[in-house]
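Structure, as structure tokens:
First listed ligand is number 1; within each ligand, the first listed atom is number 1. The model shown is predicted, which means the values in this text are computed figures rather than measured ones.
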Amino acid sequence: MDNRPIGIFDSGLGGLTCIPALRSALPNESFVYFGDTARTPYGSKDPETIREFSGQIAAFLVSQNVKMIAIACNTVSSTCLLSLRERFPGIPFVGIIEPAAKAIRETCRPGESVGVIGTKATIASNIYPKLLAGSGVRLSQKACPAFVPLIEEGLDDTDIMRLTVRHYLDGFLAENAIETLLLACTHYPLITDDILALYPSLRIVNSSETIAGDVRAELERLDLLADGTVPPKDAFYASDLSENFLNMINRISVSSDFRVAFHHGF
Ligand code: DGL
């Protein structure tokens with residue numbers, strides 16, 4: 001049993017899309033979220049830069065006395081999970097790639113044509129094809145680097161967003177006869193409606209909904225679940241408190257008791 005909070009981070013507001021599933025799987029837990037809104041997007045940066053930024057955030061979360069860190073970011077999970085585990089051996093880290101790949105393995109039939117969309121870094125890491133080798137699905141990948149800046153700008157549900165979706169997906173979906181699309185970036189659930197408006201027959205798998213199961217399993221395995229004697233209290237930190245980040249927090253309204261704070265100083 002451990003009543004300390006769970007740390008969660010992402011390059012920006014995208015990781016907030018993981019919170020509803022985490023809250024429902026872990027009703028007694030408190031969360032400390034960090035969004036690096038001042039330096040987003042990570043997905044087009046060099047892996048060495050992503051490792052440096054992620055290490056700074058993990059150190060900050062450790063200073064907040066977290067008992068575990070959930071990486072609510074495909075880009076960071078695909079490039080830094082091992083280096084973070086090496087650098088912070090006392091902290092359990094849960095990444096988002098394994099649970100998202102598991103969701104594909106468990107819900108797709110052999111021969112199904114699955115598209116993976118994500119940032120440049122996630123796609124270049126080839127981590128999904130590696131994890132899904134032997135699963136029987138036909139996998140195609142596409143980097144969609146303009147999605148995250150538009151989403152951070154709050155431009156979901158606009159003509160420019162739908163034009164960008166068509167720019168990346170029209171040819172990709174048609175050429176590969178994609179049946180199921182894995183949103184392998186935690187920002188992308190915010191444009192699910194834009195995608196489905198254009199391709200209504202597509203089945204969407206949302207990586208943000210998959211991490212909660214692994215976080216719970218790891219807490220149980222390590223006997224770190226909160227015991228329910230302390231009411232959950234969440235904290236949301238951002239390196240730049242953008243209006244859109246605040247709007248998103250209000251949109252997901254994860255708990256009745258939370259505070260929002262600015263953290264700068266990396
Ligand atoms: N939300 C992050 C992910 O899941 C990516 C955002 C970025 O490019 O910074 O990959």
- prompt: With distance as the sole test, does S77 use its side chain to make a donor-acceptor pair with the main-chain N or O of I97 at under 3.5 Å?
  reply: no
- request: Determine which pairs satisfy ring pair (Phe, Tyr, Trp, His ring centres under 6.0 Å) with at least one residue from residues 123-158, sequence neighbours left out, and list them in order.
  value: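 As it turns out, the ring pair (Phe, Tyr, Trp, His ring centres under 6.0 Å) pairs with a partner in residues 123-158, which skip direct neighbours, are F147-Y168, F147-Y188.
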- request: Indicate if M68 and L61 have the same hydrophobic cluster label, given that clusters are the connected sets of ILVMFWY residues with side-chain heavy-atom separations under 4.5 angstrom.
  value: no
- prompt: ligand 1: which residues have a non-hydrogen atom closer than 4.0 Å?
  reply: D10, S11, T40, P41, Y42, G43, C73, N74, T75, T119, V148, C185, T186, H187
task: Scan side-chain atoms only and decide if T49 and R39 contain a donor-acceptor pair under the 3.5 Å cut-off.
output: no
- prompt: Any side-chain heavy-atom pair from N65 and V32 closer than 4.5 angstrom?
  reply: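 Not in contact.
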task: Please work out whether the ring planes of F60 and F266 are parallel, tilted or perpendicular, with thresholds of 30° and 60°.
output: perpendicular
